[in-house]
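Have a look at the structure below, then the notes.
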Amino acid sequence: MLQLPVIRQNPNWVKERLAVKFFTETGLVDTILLLDDQRKKLQLEFDTNQAKVNSTSKEIGALMAKGQREEAESKKQEVAALKSTLQPITEKLGEIEKQLQDELVKLPNLPSEKVPEGRTPADNIVVREGGVKPQLPKEAVPHWDLIKKLDIVDFETGAKITGSGFPLYKGKGARLQRALIQYFLDFNTAAGYTEYLPPFMVNEASAYGTGQLPDKEGQMYYMPADNFYMIPTSEVPVTNIYRDEILKETDLPVKMTAYSPCFRREAGSFGKDVRGLNRVHQFDKVEIVQLVHPDNSYAVHEEMINHVEKLLNNLELPYRILALCGGDMSFTSALTYDFEVYSAAQERWLEVSSVSNFEAYQTNRMKIRFKDEKGKTQLVHSLNGSSLALPRIMACLLENNQGPEGIKLPVALHHYFGGDLIS
RNA sequence: GGUGAGGUGGAUGAGUGGCUGAAAUCAACGGUUUGCUAAACCGUCGUACGUCCUUAAAGAUGUACCGAGGGUUCGAAUCCCUCCCUCACCGCCA
């Protein structure tokens, strides 16, 4: 959620930035300012009336103590009159506050100045590429054929147990998942991230805090009996750890990492996007999250990108880093870099990580603040990134490293997997 | 799921209708003292939204908030109702 003072101070600039995201309902900005104005007026009115009620009530107490009952009674009537004028004000104030909140939530985060212009994924800018694309032999096949041949992921049985898009990992496939999770977590904790294993369902307040609600409600699995949501990423529970907290400046940066399965309904997906492991309803992911001083967030963003890049280098996968254009960024992000790995048999790039700076957008909703050296309370900045999402990493490892003897794993995984070959 | 006890500021914890936005202690922060550390002493030490004042900072002032929401009352942390959570015991169970 954008900070009201920011909108107040520079509504036109806000509108300009929103245009970069192709957010056209700029009338919202004016509506918000209008509501804010009304709110202030009503609050002043309420406060002055309520102050009178409070002081008169005290007088009544004093009169009663002195036994002056008649005066007390007449004061009581005064209060009653005040309260009847107060009632409509209170109601109106409540309404306006709710409206203001509702409208405020509809505004996406403002893109940073670094965000490239553009409307579609084609406008994203390749920042850099790394690794080497393998030259695959003619008989090379996509991962959905490989997993069948090797019998390491069983989609049919997953569909029988649950439904399509719920893969059942088996044997070395299950083991590879475990190895990757373990490796990623070790890599992150070695870089100073504290490991968490969070709840996989969250309540409404948490889903709202990171911006899944109300924007992406349909993307989450919902458990109506308890009003819980299955997490679409561990970002949700992990960032919410510090909801409504005021940190000390010396606590910053807070660096957290967590593994979790991720649940996504992926309503509306179709075609080659969903083939095999390319897009599934349940997948595993290790996430990194940081809460940082607002002055540092862009430096930290770079640091996180380098961190994820190192991981991909260690996995010996060809990758590229994209700066997402205004039209392709998420609602809540101020700047996002996507990481894609090259899936050699499908001959396409697959997104495996998205590293974003949210500035104060999430933390304003969650009220995650810190006291600066002057003792002033301000919002921290939040960032997160995948490190990494497993299924597509697995798809690429399988496709890119296939050979006559089987799948050769990168050195970094040998220890974790307990071997160097899937055959 | 049942029964009982609770939920107060960073922590402990007092507060059963007005003098309580909240005692006290601890922690934290600033200072004095000290060769250094410790101790001692002094001071500061909730959040949000407004208003006034100011270039701003600071300051003054109002309102709300003692798990959440509602109610009673002139007046609620305090009484009542609903919900949530925590703890203990029982039941069930990985």
Side-chain angles (χ1 to χ4, degrees), chain A residues 1-10 32-105 197-209 223-229 237 240-252 254 261 291 360 363-380:
Chain A
M1 184 165 71
L2 294 178
Q3 293 168 262
L4 207 37
V6 172
I7 302 173
R8 270 206 286 251
Q9 274 159 31
N10 218 334
I32 285 164
L33 290 175
L34 202 73
L35 287 168
D36 183 42
D37 218 45
Q38 287 181 37
R39 196 198 90 239
K40 278 197 216 167
K41 281 188 191 131
L42 281 167
Q43 208 201 318
L44 184 59
E45 209 177 331
F46 174 85
D47 283 358
T48 41
N49 273 288
Q50 185 62 44
K52 256 182 237 163
V53 170
N54 290 346
S55 61
T56 313
S57 291
K58 280 195 181 161
E59 287 169 28
I60 292 169
L63 290 170
M64 304 266 272
K66 280 189 252 165
Q68 297 171 279
R69 299 196 62 172
E70 274 168 40
E71 277 107 304
E73 283 306 320
S74 81
K75 291 273 184 193
K76 276 191 198 181
Q77 279 176 19
E78 249 177 69
V79 173
L82 276 170
K83 284 182 82 173
S84 65
T85 62
L86 212 44
Q87 201 207 349
I89 300 171
T90 313
E91 273 169 26
K92 185 81 182 153
L93 184 59
E95 255 171 56
I96 298 278
E97 273 173 349
K98 189 181 177 302
Q99 270 182 46
L100 181 58
Q101 185 67 15
D102 288 350
E103 300 302 304
L104 215 40
V105 157
L197 185 61
F200 299 156
M201 293 184 215
V202 293
N203 58 29
E204 215 177 322
S206 295
Y208 178 82
M223 329 287 283
D226 299 284
N227 202 14
F228 293 151
Y229 294 87
N240 272 281
I241 291 169
Y242 287 95
R243 171 152 49 91
D244 292 320
E245 305 245 340
I246 299 177
L247 297 155
K248 285 182 242 149
E249 192 165 1
T250 50
D251 293 334
L252 303 177
V254 175
L291 302 174
T363 55
N364 189 33
R365 282 197 188 190
M366 280 187 276
K367 300 292 173 250
I368 306 181
R369 291 154 295 170
F370 75 104
K371 271 205 200 302
D372 64 21
E373 65 278 4
K374 283 182 194 151
K376 215 180 141 201
T377 307
Q378 49 174 315
L379 295 166
V380 303

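Proteins come first, then strands; the chains are lettered A, B, ... in the order of their sequence lines, and each starts at number 1.
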Shortest non-hydrogen contact from Glu249(A) toward Lys371(A): CB-O, 3.5 Å
Using the [atom1] atom as the reference point in each nucleotide, state the distance between [N] and [M] in Å, no decimals.
N: G15(B); M: G7(B); atom1: P; result: 11 Å
N: A76(B); M: G2(B); atom1: P; result: 33 Å
N: A77(B); M: U16(B); atom1: P; result: 13 Å
N: C52(B); M: A58(B); atom1: C1'; result: 14 Å
N: U54(B); M: U73(B); atom1: P; result: 45 Å
N: G31(B); M: A24(B); atom1: C1'; result: 24 Å
N: C87(B); M: U47(B); atom1: P; result: 29 Å
N: U34(B); M: G21(B); atom1: P; result: 43 Å

Salt-bridge present (Arg39(A), Asp36(A); N to O < 4.0 Å): yes
Who is the Watson-Crick or G-U wobble partner of [N], with both distances under 3.5 Å?
N: U16(B); result: none
N: A60(B); result: U51(B)
N: A22(B); result: none
N: U32(B); result: A40(B)
N: A94(B); result: none
N: G6(B); result: C85(B)
N: C79(B); result: G71(B)

Counting only side-chain N and O atoms of Arg39(A), is one of them less than 4.0 Å from OP1 or OP2 of C49(B)? no
Which part of the nucleic acid, if any, lies within reach of [X] when heavy atoms closer than 4.0 Å are counted: base, sugar-phosphate only, or nothing?
X: Gln50(A); result: sugar-phosphate
X: Lys371(A); result: sugar-phosphate
X: Arg69(A); result: nothing

Could you measure the distance from the CD atom of Glu71(A) to the CG atom of Leu63(A)? Nearest 0.5 Å is fine. 6.0 Å
Could you state the interatomic distance from CG (Asp372(A)) to NZ (Lys248(A)), rounded to the nearest 0.5 Å? 15.0 Å
Could you verify whether a donor N or O on one side chain and an acceptor N or O on the other, from Arg243(A) and Ser206(A), lie under 3.5 Å apart? yes
